[in-house]
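Report on one structure; see the data block that follows.
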Amino acid sequence: MFRDRICAAIDTLGLASSDGEPLDLSRVKTEPPRDADHGDLATNAAMVLAKKVGDNPRALAQRIADAMAADPDVSEATVAGPGFVNLRLADGFWRARLAEIIEAGADYGRAALGAGTKVNVEYVSANPTGPMHVGHCRGAVVGDTLANLLAFVGFEVTKEYYINDAGAQVETLGRSALLRYREALGEDIGAIPEGLYPGDYLKPVGQALAAEHGEALLRMAEGEAVAIATDAAIEAMMAMIRDDLAALNVHHDVFFSERTLHADGARKIRKAINDLTMKGHVYKGTLPPPKGQVPEDWEDREQTLFRSTEVGDDLDRPLVKSDGAYTYFAADVAYFVDKYERGFDEMIFVLGADHGGYVKRMEALARAVSDDRARLTILLCQLVKLFKGGEPVKMSKRSGQFVTLREVVDEVGRDAVRFMMIYRKSSEPLDFDFDKVTEQSKDNPVFYVQYATARCHSAFRQARESISGVEADLSALDLLTHPEEIAVVRKLAQYPKVVEAAANSREPHRIAYYLHDVASEFHAHWNRGTSDDALRFVKVNDRQLTSARLGLVRGVLNVLQSGLGILGVEAPTQMR
RNA sequence: GCACCCGUAGCUCAGCUGGAUAGAGCGCCGCCCUCCGAAGGCGGAGGUCAGAGGUUCGAAUCCUCUCGGGUGCGCCA
């Protein structure tokens, strides 16, 4: 909002561009300089406008600086470097910001960026064939946090989970469950055959089937029995997955079943393909063999293809297999159409890095279906490497040696998992050290930030013990005069901008980094009280001053709670 | 072969969508507790932002190429 004041000041200078056109102020930016010594705010206005106006940047900067100096909230306006105007703002300005922060409470940082925009965030979507493993953690947290963040800035967000409950995979699941059913009836099933799911987690499904159906399934046609077992298994797996997600504090609004697309003679898929065909995106033909290693059994076959190359893809994509069945991608098409028809302006997909090859075809799909109206965002999360005591944890799916999501959450706690999974750009690989994240020290960012909130509460507790009934008091804020106190307020005042930038760039990790910064600022200030008695929060003989400083603490706590809330991480009142 | 992601301090990574002398944590060196929780803080050393061009007042950031690492590449879900 200070930008507006600067633009207004520029207006008063009566500048005119040499070509007679109105001045374009859109490139004028104001932001806090990286180096705090330069002031509170810097603007590039003079450098951006100098050429147009036909003045040299430093001279123009000086005129802008002079105009800004008239603003009562500006304590100093100077010209620096190639033509920056640096502004130092009066302490009163910052105290007013602190008052805003305190008054806004939990709403501080909220925005209306997304007002009227419907966003669908799809994440996790793990196959319902077993418990979730650690690999799913990151996507779950990134998706959930991003959804929270977007909701915080006003988007109408739907959190969605796509259940891959159709196809060969779940039939295998059904067969595996059926085997466990026979086991539950007392049969010796021996080793689980190759190709079926060996995990013990299917035993309860077998037992439930036995309890419900007795020996009835044994007498049925195999297909019928498998179908019943499949249904039961999927239901059980999804219950387990929801439990796992709940342990991570992740809750979806919509669980979308792939089966519904295949239901009714694949009505939805047929309709979707028909839509694409009407728009001229579908043809029958053959694809060239892949360039890398050509499969040994390669042969040209005619298929129904989506002409995705015309909308940005590298290769046309098959919709119908040569045997007449629909491809997985065909279901994706139908699913996307369904989402689009539900009125979402933007679809966000949080996927694992191994889905990189999917990006282009999804973008092509979005363009074709929505005539380029739908916005599509795909976040690819890189791998998480697990460490224990500095040693990498070996995992292999083949040997069944994988760490489940539940194990990780149970061992280190959901807060640690959530914070660490978001404490990195999602496009960057991530190391997760079991020992580090449970450490109670500043080396552990989760602890460090939570400790700051605990310290805030501690300050309140201390204050109330020594001065009965003392509270943060807005009318006392004028007593905050130390530069260090103002510095803390400056940091807090960045929150709305950080939130906005994180939301706009769809980069929730920025919140986590910012919170670490705030905590750092607060810890530093807290420590000043140990060396300088004058800077303590609690001044036993000065109720007014104490309530002013509690105001600062309140502001810090407010921002930390808000940010942690977006991350889905608790803000503890004390550490244990 | 093609496409996407990535290359920043010894290590792990930020860098506010183009700004000033490139930051943080770890590790290393030094300092601060007769209690506001030191479960913390302060300071120091450490960089050719992979390399080369280009765009402009200005590039770690945008464009092109090269080198190096990761991932994925018909009818699998």
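Below, each value reflects all heavy atoms present in this structure, side chains not excepted, and no hydrogens, waters or symmetry copies.
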Generate the contact string for nucleotides 12-19 of chain B. Rules: B means base contact, S means sugar-phosphate contact only, - means no protein heavy atom under 4.0 Å. SSSSSB-B

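Contact annotation for A:Tyr514: no contact, since no heavy-atom pair falls under 4.0 Å across all strands. Looking at heavy-atom distances under 4.0 Å, A:Asp433 makes no contact with the nucleic acid at all. Backbone-only engagement by A:Ala166 is indicated by non-hydrogen atom pairs under 4.0 Å involving sugar-phosphate atoms exclusively. In this structure, A:Pro57 reaches neither bases nor backbone, as no heavy-atom distance under 4.0 Å exists between it and the strands shown. When heavy atoms are screened at a 4.0 angstrom cut-off, A:Arg58 is found touching no nucleic acid atom at all. A:Ser322 comes within 4.0 angstrom of a base, heavy atoms only.
Remark on RNA chain B: of its neighbouring residues A:Gly81 and A:Ser441, the 5'-side contact belongs to A:Gly81, judged by nearest-heavy-atom nucleotide.
Residues satisfying the ring pair (Phe, Tyr, Trp, His ring centres under 6.0 Å) test with A:Tyr451, not counting sequence neighbours, are A:Phe447, A:His523. Under the side chain to side chain donor-acceptor pair (under 3.5 Å) criterion, A:Tyr161 pairs with no residue, sequence neighbours left out. A search for salt bridge (Lys or Arg N to Asp or Glu O under 4.0 Å) contacts involving A:Glu465 returns nothing, not counting sequence neighbours. Every residue meeting the ring pair (Phe, Tyr, Trp, His ring centres under 6.0 Å) condition with A:His136, not counting sequence neighbours, appears here in chain and number order: A:His133. With sequence neighbours excluded, no residue satisfies side chain to side chain donor-acceptor pair (under 3.5 Å) with A:Asp542. A:Phe329 pairs by the ring pair (Phe, Tyr, Trp, His ring centres under 6.0 Å) definition with nothing, not counting sequence neighbours. Applying the salt bridge (Lys or Arg N to Asp or Glu O under 4.0 Å) rule to A:Arg549 yields the partners A:Glu485; only residues at least two apart in sequence or on another chain are considered. Checked against ring pair (Phe, Tyr, Trp, His ring centres under 6.0 Å), A:Tyr326 has no partners two or more places apart in sequence or in another chain.
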Pick out the pairs of N or O atoms, protein on one side and nucleotides 29-31 of chain B on the other, that lie under 3.5 Å.
none

Would you list the protein and nucleotides 70-72 of chain B atom pairs, both N or O, that sit under 3.5 Å from each other?
| residue | atom | partner | partner atom | Å |
| --- | --- | --- | --- | --- |
| B:U71 | O2' | A:Ala353 | O | 3.3 |

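Taking the O4'-C1'-N9-C4 or O4'-C1'-N1-C2 dihedral as appropriate, B:U17 has a value within 90° of 0 and is therefore syn. An anti base is found at B:C26: its glycosidic angle is more than 90° from 0.
Put simply, the side chain of A:Asp165 and the base of B:A77 share no donor and acceptor less than 3.5 Å apart.
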Using atom types as modelled, flag every donor-acceptor pair under 3.5 Å from a side chain in residues 420-433 of chain A to any protein atom, sequence neighbours excluded.
| residue | atom | partner | partner atom | Å |
| --- | --- | --- | --- | --- |
| A:Arg424 | NH2 | A:Tyr513 | OH | 3.4 |
| A:Asp433 | OD1 | A:Asp435 | N | 2.9 |
| A:Asp433 | OD1 | A:Lys436 | N | 3.3 |

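Nucleotide B:U34 forms no Watson-Crick or G-U wobble pair with any nucleotide shown, as no partner meets the under 3.5 Å limit on both distances.
Side chain of A:His523, nearest nucleotide from B:G41, B:A20, B:C36: B:G41.
Using modelled atom types, no side-chain atom of A:Asp165 and backbone atom of A:Ser257 make a donor-acceptor pair closer than 3.5 Å.
At the phosphate of B:G41, OP1 or OP2 sits under 4.0 Å from a side-chain N or O atom of A:Tyr448.
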